[in-house]
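The structure under discussion appears below in the form of structure tokens.
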There are 2 protein chains.
Amino acid sequence: MYPPSPREASANTMHSPRSTFDNLDPHKQGRVLEESLQEFAEHGYHQASVNRIVGRLGIAKGSLFQYFGSKEGLFRHLFARALDEIKAPLKAIRDADSGEPFPLRLRRVFVEGAAFARSHPLIWRVYRRMVAQEDFPLRALLLSQVRDEALTYLRELVEGGQARGELRPDADPQAAAFLIEAALDRALTAQDAPLLDAGFGLSSGDEFQRQQRLAALADILSQGLLAPVDISSTGRHAPPHKGDANA
Amino acid sequence: MYPPSPREASANTMHSPRSTFDNLDPHKQGRVLEESLQEFAEHGYHQASVNRIVGRLGIAKGSLFQYFGSKEGLFRHLFARALDEIKAPLKAIRDADSGEPFPLRLRRVFVEGAAFARSHPLIWRVYRRMVAQEDFPLRALLLSQVRDEALTYLRELVEGGQARGELRPDADPQAAAFLIEAALDRALTAQDAPLLDAGFGLSSGDEFQRQQRLAALADILSQGLLAPVDISSTGRHAPPHKGDANA
DNA sequence: CGACGAAGTGACCGGGTGGTCATTCGTATG
DNA sequence: CATACGAATGACCACCCGGTCACTTCGTCG
């Protein structure tokens, strides 16, 4: 269903000037983008080589520059595409389980996050590199676009839990969000980086084992944030008794 | 002519073949190492430029290669030096507070860790780059040397807490160590990387505020691991007993 | 057919890279 | 002084980089 008049298919926030690339056979477009993403994922931005990309694609170097203007332009294009792919599942998680108890929601965040990283390994690798490598071309601008979204969600998750009396009211939501994000980020990274796995086993084992381990991480964090039962400083309402919550 | 008595000052685990560098005026040695470390910290391994290093030092390029043989050799040398500087304070923490209660020890880990990262910013930056960047020359070998040490300590910290009844006996020490390490790593990184600060404020504020925030992170983690009060809605097995632990 | 424009090409450019080595320098010794 | 020898040098090398552009190819019109 391609609408005839507006050829802008995607609702990209980054509008690149119309170029030859848009008129290409979509199949070829796909190949170009995929191979380029692969290169950036494997080598990072600076070590990625345009020569290598065109070599694998079997096209002339001039073509790539005609499409995207520069190496940075190519990277921008890839990022915009990836951003679209990231936003959808993130919104899906956000909306799906707003009624569930906090620990369950947190588990879901970990499991769904891990699933995304596993199903988009290249995007995830490039993202990691951008986070860690300070000299990516548009690092601050691009990263804030995706990180703000995730962090806002996590903060709201915590604040919602506090509002419902599930969580200790005296815990700093910023601190909690920070901690969750740190744990989540490392967990997803560890999935395909045994060196960072810390002997925990996120990079090995079958799907079920991994999910259990992710849940275990989420549970420790939940436990650290749950409303206290016998400790002194509550003062407010007693925590709602939570017999079974999840069926 | 060889020096009459071997002046091997450092007990380096990596023994590089004797070279011109060892005979140099120690002051000059220091300048060379410092400036090189700076370059690697600023630009990472591949983007670091030997030309730039010798430029800043005001020495000929040939000299650097006479000293270290190659860019990689220079990096190895720097790493060996840094490793010595890391191990000492790490052992100091390990031995210092073995009698304190768990939450206090964990706080100390965060605060001391942050202090180290602040007092050795260049080493810390290079370390971060090595962790995140997969194509460092001896990444796996070099990293395992320092990470094993830290992780073993954290795991022992948790197991010790469990043995003394402070911590939930059913928490997986591996999971706990993983979580602590993830939080710690991100906290130290956030100190000088506002982009990763997640609005928490570790990269701003005075020394006292930062320490309080670090302690807050440690406390949430401690709370998540402390002996049970009431495990919640999650479907996991209930903790075996809950009677005594904390009064 | 010829004309035209879009798509595709690859030799070529300036510049930076890690690394080499024949040479010079500095100095302590006989 | 002459000799010896390690330290210091920087011109030079092959290589790769991102980027350019005059040119060819191709498809579609009139």
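Naming: A, B, ... by sequence-line order, numbering from 1 per chain.
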Using a cut-off of under 3.5 Å, enumerate the N/O to N/O pairs linking the protein to nucleotides 13-17 of chain D.
unit_1	atom_1	unit_2	atom_2	d
D:dC17	OP1	A:Ser49	OG	2.9
D:dC17	OP2	A:Asn51	ND2	2.9

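Taking the six-membered ring where tryptophan is involved, the planes of B:Phe79 and B:Phe75 are tilted, since the angle between them lies from 30° to 60°.
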Can you check each nucleotide of nucleotides 23-29 of chain D against protein heavy atoms at under 4.0 Å and return B for base, S for sugar-phosphate only, - for none, in 5' to 3' order?
-------
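When the C1' atom of D:dG10 is taken as reference, atom CG of B:Leu64 falls 14 Å away, rounded to whole Å. Between the P atom of D:dA7 and the OH atom of B:Tyr67 lies a distance of 9 Å, rounded to the nearest Å. D:dC5 atom C1' lies 12 Å from atom CD of B:Gln66, rounded to whole Å. Distance B:Ile59 CD1 to D:dT9 P: 7 Å, rounded to the nearest Å.
For B:His77 and B:Phe21, the ring centers are positioned less than 6.0 Å apart.
B:Gln174 pairs by the side chain to side chain donor-acceptor pair (under 3.5 Å) definition with B:Arg155, not counting sequence neighbours. In terms of the side chain to side chain donor-acceptor pair (under 3.5 Å) criterion, residue partners of B:Lys61 (sequence neighbours excluded) are, by chain and number, B:Asn51. Qualifying salt bridge (Lys or Arg N to Asp or Glu O under 4.0 Å) partners for A:Asp185, counting only residues two or more places apart in sequence or in other chains: B:Arg186. B:Arg52 pairs by the salt bridge (Lys or Arg N to Asp or Glu O under 4.0 Å) definition with B:Glu39, not counting sequence neighbours. Under the side chain to side chain donor-acceptor pair (under 3.5 Å) criterion, A:Glu134 pairs with B:Arg125, B:Arg128, sequence neighbours left out.
The outermost nucleotides of DNA chain C lying under 4.0 Å from heavy atoms of chain B, listed 5' to 3', are C:dT17 to C:dC21.
Comment: A:Arg129 engages B:Asp135 in a salt bridge, judged by a side-chain N to carboxylate O separation of less than 4.0 angstrom. Salt-bridge check for B:Arg210 with B:Glu207: passed, with a basic side-chain N closer than 4.0 Å to an acidic carboxylate O.
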Step by step, work out the salt bridge (Lys or Arg N to Asp or Glu O under 4.0 Å) result for A:Arg56 and A:Glu42.
CA-CA 14 Å; A:Arg56 293 188 203 191; A:Glu42 271 182 20; 3.5 Å; yes
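Side-chain nitrogen and oxygen atoms of B:Asn23 include none within less than 4.0 Å of the OP1 or OP2 phosphate oxygen of D:dG6.
Screening residues 139-149 of chain B for salt bridge (Lys or Arg N to Asp or Glu O under 4.0 Å), with sequence neighbours left out, gives B:Arg147-B:Glu181. Among residues at least two apart or in separate chains, salt bridge (Lys or Arg N to Asp or Glu O under 4.0 Å) pairs with a member in residues 64-74 of chain B are B:Glu72-B:Arg76. Screening residues 190-206 of chain A for side chain to side chain donor-acceptor pair (under 3.5 Å) gives A:Arg118-A:Gln191 as the qualifying pairs, with residues at least two apart or on separate chains.
Nucleic acid contact for B:Thr20: sugar-phosphate only, since backbone atoms but no base atoms lie under 4.0 Å from a heavy atom of the residue.
Fit an axis to the five pairs at each end of the helix from C:dC1-D:dG30 to C:dG30-D:dC1 and the two axes sit 30° apart, to the nearest 10 degrees.
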